[in-house]
Amino acid sequence: MLAAFSPVILLWYIFPLIVFLASDYIVTTFKLKQRFNLRTPDITVPFLIVGMHEISKSISTFSILPYFLLTILLLGISVVVFQAYRYREIMYGRFFKMFWRLTFLLSVVMYLILILVSIIYAL
């Protein structure tokens, strides 16, 4: 349980910013956008998932990770159904790109919600 703010929990609060800046540096330094069409959000998703796991463990007795992975699986099914309906075909490249970018957005929103919950919980 989180009794008060600690340096470790504050590190997890700024972790997404650090990861995003580091990923942006890596993408620009190694020219990953030109070589592999990788962008900063594509690299940050696994780190955000680890951060969500650590924050959820610090504010409760369980991790949110299994529920988040289930949500990602449902998101993947939704993207497949959407693309099958909209385009009448499923192209793997378009599917993975849309799925991974939506996973990034979901990860950022979930991370921010966990930060707010942990701050409210600490009060």
Linking I/L/V/M/F/W/Y whenever their side-chain heavy atoms sit closer than 4.5 Å, directly or via other members, would [X] and [Y] fall into one cluster?
{"X": "Val79", "Y": "Val81", "value": "no"}
{"X": "Met52", "Y": "Val8", "value": "yes"}
{"X": "Met110", "Y": "Leu74", "value": "no"}
{"X": "Val109", "Y": "Ile59", "value": "yes"}
{"X": "Ile55", "Y": "Leu10", "value": "yes"}

So, do [X] and [Y] sit near enough that their side-chain heavy atoms are less than 4.5 Å apart?
{"X": "Thr103", "Y": "Ser107", "result": "yes"}
{"X": "Ile49", "Y": "Ile72", "result": "yes"}
{"X": "Thr40", "Y": "Thr44", "result": "yes"}
{"X": "Leu102", "Y": "Leu106", "result": "no"}
{"X": "Tyr13", "Y": "Ser118", "result": "yes"}

Next item on the list: Only counting residues at least two apart or in another chain, list the ones meeting side chain to side chain contact (heavy atoms under 4.5 Å, CB included) with Phe82.
Entry: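 Per chain and number, Phe82 pairs via side chain to side chain contact (heavy atoms under 4.5 Å, CB included) with Arg86, Met98.
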
Next item on the list: With sequence neighbours left out, write down each residue that passes side chain to side chain contact (heavy atoms under 4.5 Å, CB included) with Phe62, or none if nothing qualifies.
Entry: Ser60, Tyr67

Next item on the list: Give a yes or no on whether the backbone of Tyr25 and the side-chain of Thr28 come within a donor-acceptor separation of less than 3.5 Å.
Entry: yes

Check: Under 3.5 Å, is there a donor-acceptor pair between the side chain of Ser56 and the main chain of Ile64?
Finding: yes

Checklist line | Quiz item: cation-pi between Arg94 and Phe96, 6.0 Å / 45° | finding: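 Judged by the rule (NZ or CZ under 6.0 Å from the ring centre, within 45° of its axis), Arg94 is not positioned above Phe96.
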
Next item on the list: Check whether NZ of the Lys or CZ of the Arg Arg35 lies under 6.0 Å from the centre of the six-membered ring of Phe30 and within 45 degrees of that ring's axis.
Entry: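 Judged by the rule, Arg35 and Phe30 form no cation-pi pair.
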
Check: Please walk me through it: do Asn37 and Lys97 pass side chain to side chain contact (heavy atoms under 4.5 Å, CB included)?
Finding: CA-CA 10 Å; Asn37 199 20; Lys97 185 175 183 178; 4.2 Å; yes

For the student: nearest non-hydrogen atoms of [X] and [Y], plus distance:
{"X": "Trp12", "Y": "Gly51", "result": "CZ3-CA, 3.6 Å"}
{"X": "Phe47", "Y": "Phe15", "result": "O-CE2, 3.1 Å"}
{"X": "Pro46", "Y": "Trp100", "result": "CD-CZ2, 4.2 Å"}

Using 0.5 Å steps for rounding, measure from the [atom1] atom of [X] to the [atom2] atom of [Y].
{"X": "Leu32", "Y": "Asp24", "atom1": "CG", "atom2": "CG", "result": "11.0 Å"}
{"X": "Leu69", "Y": "His53", "atom1": "CG", "atom2": "NE2", "result": "10.5 Å"}
{"X": "Leu48", "Y": "Tyr111", "atom1": "CG", "atom2": "OH", "result": "7.0 Å"}

Notebook entry, point to check: Does the distance from a Lys or Arg side-chain N to an Asp or Glu carboxylate O, for Asp42 and Arg101, drop under 4.0 Å?
Noted result: yes

Notebook entry, point to check: Is the number of heavy atoms from other residues, nucleotides or ligands within 6.0 Å of CZ (Phe95) greater than 12?
Noted result: yes

Item checked: Pair Leu65-Val50, side chain to side chain contact (heavy atoms under 4.5 Å, CB included): steps then yes or no -> CA-CA 8 Å; Leu65 185 63; Val50 169; over 6 Å; no

